Amino acid sequence: MDKKRKALCLGVLILIILIIPLFIKDEYYLHILVMSGIWIISALSLNLILGYAGQLNLAQGTFFGIGAYATGLLMQKMGLSFWAALPLGCLLTATIGFVTGLPTLRTRGHYFPIATMCLGIAIYYVIARWDDVTGGARGLFGLPRPDPIVIPFLGTISFESTASCYYLVSFLVFITIVVIHRLITSLSGKRLIAIRGNEDLAQALGINTMRDKVICFTISTFFAGLAGGVFASYMGSLMAENAHFVTSFEMLLNVMIGGVGTIIGPIIGAIFLPLLSEELHFLGGWRLVVYGLILILTIRFLPFGIVGGIRTALAKRHDKRGV
Amino acid sequence: MKKGGYLFFLFLMGVLIVTTGTHLRADENTITIGYSGPLSGGGAKFGKNLQMGLQMAVDQVNQMGGLEVAGKKYQVRLISLDDQFQTALTVSNAKRLVHKEGAKMIFNPSSGGIFGLMAINEKEKFIICAYTTNQVCVTSGNKLIFRGPPAMMAYVQAWANRAMDKFGWKKCAMMPDAYDYGKLWSGLFEKYWQKKGGVITTHIPVDFMKLSDYYPLLTKALATNPDCILIGSSSEPNAMQVKQARELGFRGGFIVIERGKLEEMLQFVPDPNMLNGSIGTCPLIFYPNPSAKKFIKKFKEKYGADQVPVHESAIAYANIIYYLAAIKLAGTTTDVYKIMDALKDPRIQKMPLVKENDPYENEKIFPNGAVKGRVLGVEFVNGKFSDPFPVPTPDWVYTEKY
Amino acid sequence: MDEYILEVRNLTKYFGGLKAIDNVSFKINRGEIYSIIGPNGAGKTTLFNMITGFIPPTEGEIFFQGQKINGLKPYQIARLGIGRTFQLTTLFMQNTVLENLLIGQKQTREFPVFHSIMSVKRRRVSQSEAVERAHAVAEFIGLGTFKNTMAAILPHGAQKQLSIGLALSGDPDLILLDEPLGGVDMDEIDMIIELIKKIRDEGKTICLIEHKMRVVMNISDRILALSYGKKLVEDLPEVVASNEDVIASYLGDRYAARG
Amino acid sequence: MGILLQTLINGIMLGSVYAMVALGLTLIYGILNVPNFVHGTLYMIGAYIAYFAIVSFGAPYWVGLIVSLIILFAIGILLERIVFRPFYDKPLINSFIVAVGLILVLENTALSLWGPEFRQFAAPSDKVIKVMGVMITAQRIIVIVTAAVLIWLVHLFIKKTRLGSAIEATSQNPDGALLMGINISHMRGITFGIGTALAAVAAVLVGPILLIYPAMGHTVIGMAFVIIIIGGMGSFIGAVLGGYIIGILETLVTSYITNFFTEAIIFGLLVLLLAVRPTGLFGKPH
């Protein structure tokens, strides 16, 4: 019964997501939706390493940038199709994630976030200054949208319109959710939770924590790269700032305000926060002041984010009924 | 969750609902001008200077009762959004300005942002008003772009000629800023300088966003014994660089890339003589033409007597005046191609709105969208400004790729 | 098979200039309850940490089932079959009893990430095996009724039981218990002692650090007494209890204090 | 030779600034156990306060410095009490988010109130001294000397006063101070105040050399974190030595190798250092 209801809810949700572009014709809102999709993928990627393995990776935005640049450069300089460049770009990001994860994950406690922050800054400067490859401070321009897919007898799917990009991003969000959900609900996911809970105890129980952290880190950078790759092709231009650790902050805010350690939390955060930031534009110069205040107050009163708040509220109601 | 938590949650939801629900949609009688630029962060001053010029033009037209287009009166409004020089934000802002606020023109002051916009503007039908001296944006064939500032090459050649022919400098140490603009500028300069028989002793890009102690870099540059140093950030960091170079014993001259303003640098050096032997753009206040004087007067009236307008404000102002005149001339507020045609129409210079207000008395707008303007240079010698000298601007510097 | 399950040879550990363990050797027989006693700072926990690989010894060797294990990582040693608890009760506080015990299972620690994402059948089979075992352990340690309670809100005694359950969940041959009775109420003590005996009866070997002398003397087969990192004596309980050095350095203080 | 010497002096001057900022950061870390990302922003506020005291109210330079020091000390205590206190028992990441929020609030308030203009106040003396082919301005000597004196004063405070030794004890062993009967929350406030005041002094010292603008904090905060990591987070001597080492290293790399990849090199080296020594050069092992 419960399963059936869940499936029904999921079905309705998917239907809504599918028909949204039929109702929202405004180019701007569609654009916001596409961007939300990209932020959702990146927030989920950060949530995997932060929310489940408990490692605060402040270089996640940089991996987003690496994925974006890798995909963009593979398309522009090597002439690859988006459909080849994207997976290659993600693999490249994951490889760099693996190589840099090995040394940084050796650190513990507060050293890990700061080690990754330094890693992010170092890579950012490489991207920002390596003119011959990345275009340096001026960035990359004129990156193509995904090539049209030709389906025999039915026609072609082109990705020139924002609506088609919306479907593409929704599909990738779906894949990301499925993979991450499968990972965290499996026995391997239990190991990650063990590492988050107490790394020494996890080791004493025979868990190779270093290996699991590195694997988790690598997978999470893969998805950060995926978000970046889609971003590159959708926006058509890249700047080194996309790999800056400010991007990491933004992802982190999405995860934390939404609700860390849950699947739905980062999704809510990644939709809610960019929208909030956009809608506060009417405040002019005071926009970021108000935005900052909202962040402080949210984390003060809802330490586990919006989802955490809703959960406690529901639990309370449940308790009252029980009594 | 504490009690405060519920209240706060409700408050957040309220903010969202109110802000998403109440939007001042542009009504039929409004012309919207969109501006996306750096309004916070390190580039905020530059962004605000531009904004002042834009706002001034908009307010002035509104004060005159609005703009009459094809027999109908329109009010003009400016919507400014912060992009902190980030392309992705520029593009997002532009989408918002165009599709949500109904802007047909987006003003943007960074080559990165402009390239980002050029990828979408023909498809999404809006005009880019480009505040950049970068040549690529007018030689790429984009049909909906016009560019306010003069071409970079005009400055490069004028400054190099002056430095060599008048001051006899041969050895130049280049210390441009580390970003795209400085790189392009110094690239052009290096080629031209060497063609004229000069020597580049060293090339040290400077990141002005960093801790701004220039001693280490200047020590390195001065070790090559240059006659002059090419510097290229905004005025205040430039002034620091000049001051510190003098402290380190440098006696040569400075070639100042046009983003820096000698008159502003003057405020930041303890002794005016430190600036001796500097070549740079002529301050707007020394422009001899009456329309420039008129602009300065209006600017001070609006923003206060102690405010001295800079070229950023004046060029941004002129661009809006031109754009609004073009709308009037084209007789449409929506057809961007007709507006573009009107901009390039020689009749636009004769329109009262332009004729009375354009501080530069711009000569024409080329078919590629480049505005040909009046450019003056100036030198600083013996503790004061020399008379302005005209910077030659042959047509090719506006139209050719280089 | 070797008669000894664990052999420690000439183990020495320096922390900076401080000698925490000084040339200690001992052997633990298969199936016995072996206790390590000594005053605070005698180096008991350091010894555990070296056996389980958390701290590398400065000198000396450790053999488990005849295999040299010093130099191995903690997880490798755990997988060979040594389970342990920590002095401060260490649990996955934010998880339920069942989840805690699930994490400790062999299936959990080795299940490949690749199969977690890609396979359907393997995933389901391993998961149900692990859950079944976790249920069994929960019943065994006497927390059957608390399976879905979060570890953080269990009473202290139950937390101790759960920590023993965690050490047990990987089905080890040797279990190191670091003060399993520390801070436990009188009526809970007997329950834990029963649990320890029950584990021994399952054929497992137990090595114990404990301060409660009455209990130690009661349940231990043999006792090792340490003082300032040095081995004082290793023998049957009654012999250790009557050893003068031990009484002087450790027991003496206590009994004297109790007067 | 002259150039090497000049470069070294440039490095020491930069190192003095870094050492002071990093010292404040490390003190705060030692006691509050939060990586205080707001530090750079408070450095900015310190510079502005001195600017207003000196330029708007015509105070002499040293008065401006002391005013800024006192006000920032108070701001530090206030921030600790109002903003950071509710987060001590929460995970690190929560105080991290709060810090990011606070940076946004403070920096953009400064931008809205005081505008984006670059500002600067005059040095007490403009003299340039030439020794052995090395040019050095009076202000740079002031920076180097004042920094050294202040660091020495903080050292004395920690070693000689009861509160200071409590601070040291707490940062080495959080239970230590309880034994000494010191009020921990009182001490947290004072430490935050001192750390913040140190940042303010650093800002006022370089005020006549560098430019003051709302985003100026970004330029030092990254490096300050590099320094306290190298020094071992919470270590006094590590922060001071690390400050001078990084200042000199940065200057040497800039002058002799590249100024284009300086940050990439320094931050990259740091990651490698952490791989070899996961708790920094002077840090205690886990």
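Below, all heavy atoms of this structure are taken into account, side chains as well, without hydrogens, waters or symmetry copies. None of the values given here were measured: they were computed from a predicted structure. Quick note on labels: first sequence line is chain A, next is B, and so on, each numbered from 1.
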- More than 12 heavy atoms of other residues, nucleotides or ligands under 6.0 Å from CZ of C/R200: is that the case? yes
- Message: Is it the case that atom NZ in C/K147 sees more than 12 heavy atoms from other parts of the structure closer than 6.0 Å?
- Response: yes
- Item | Over 12 non-hydrogen atoms of neighbours within 6.0 angstrom of CZ in A/F304 | no
- Query: Is the CG atom of C/L18 crowded by more than 12 outside heavy atoms at less than 6.0 Å?
  - Reply: yes
- Task: Look at atom CZ of C/F15 and say whether more than 12 heavy atoms of other residues, nucleotides or ligands are closer to it than 6.0 Å.
- Result: yes
- Message: For C/E132, I'd like to know if atom CD has over 12 heavy atoms of other residues, nucleotides or ligands within 6.0 Å.
- Response: no
- Message: When you measure from the side chain of C/R109 to the backbone of A/I207, do you find a donor-acceptor pair of N or O atoms at a distance under 3.5 Å?
- Response: no
- What part of A/L201 lies closer than 4.5 angstrom to a heavy atom of chain C: side chain, backbone, both or neither? both
- Mind checking which of residues 190-198 of chain A sit less than 4.5 Å from chain C, heavy atom to heavy atom? A/K190, A/R191, A/I193, A/A194, A/G197, A/N198
- Under 4.5 Å heavy-atom distance to chain A, tell me which part of C/N100 shows up: side chain, backbone, both or neither. neither
- Check step by step if side chain to side chain contact (heavy atoms under 4.5 Å, CB included) holds for A/D200 and C/T90. CA-CA 9 Å; A/D200 281 338; C/T90 306; over 6 Å; no
- When the 4.5 angstrom heavy-atom criterion is applied to C/L102 and chain A, the contacting part is side chain
- Does A/G206 offer a backbone N or O that forms a donor-acceptor pair with the side chain of C/Q76 under 3.5 Å? no
- Task: Working to the nearest 0.5 Å, report the span between CZ of C/R123 and CG of A/L187.
- Result: 8.5 Å
- If you count heavy-atom pairs under 4.5 Å between each of C/A130, C/S119, C/G170 and chain A, which one has the most? C/S119
- Message: Quick one: does any side-chain atom of C/T52 pair with a main-chain N or O of A/A204 as donor and acceptor, under 3.5 Å?
- Response: no
- Message: Counting only non-hydrogen atoms closer than 4.5 Å, does C/Q107 touch chain A with its backbone (N, CA, C, O), its side chain (CB onward), both, or neither?
- Response: both
- Query: Of the backbone (N, CA, C, O) and the side chain (C-beta and beyond), which part of C/F86 lies under 4.5 Å from a heavy atom of chain A, both, or neither?
  - Reply: side chain
- Does any N or O in the side chain of C/R79 come within less than 3.5 Å of the main-chain N or O of A/L205, such that one atom is a donor and the other an acceptor? no
- Item | Neighbour count >12 (heavy atoms, 6.0 Å) for atom NE2, A/H181 | no
- Side chain, backbone, both or neither of C/P172 within contact of chain A (heavy atoms, under 4.5 Å): neither
- Message: Using 0.5 Å steps for rounding, measure from the NE2 atom of C/H115 to the OG atom of A/S188.
- Response: 9.5 Å
- Message: Would you say CZ of A/F98 has more than 12 non-hydrogen atoms from neighbouring residues, nucleotides or ligands within 6.0 angstrom?
- Response: no
- Could you walk me through whether C/F54 and A/Q203 pass the side chain to side chain contact (heavy atoms under 4.5 Å, CB included) check? CA-CA 9 Å; C/F54 281 91; A/Q203 285 186 350; 3.6 Å; yes
- For A/I219, is it the side chain, the backbone, both or neither that has a heavy atom under 4.5 Å from a heavy atom of chain C? side chain
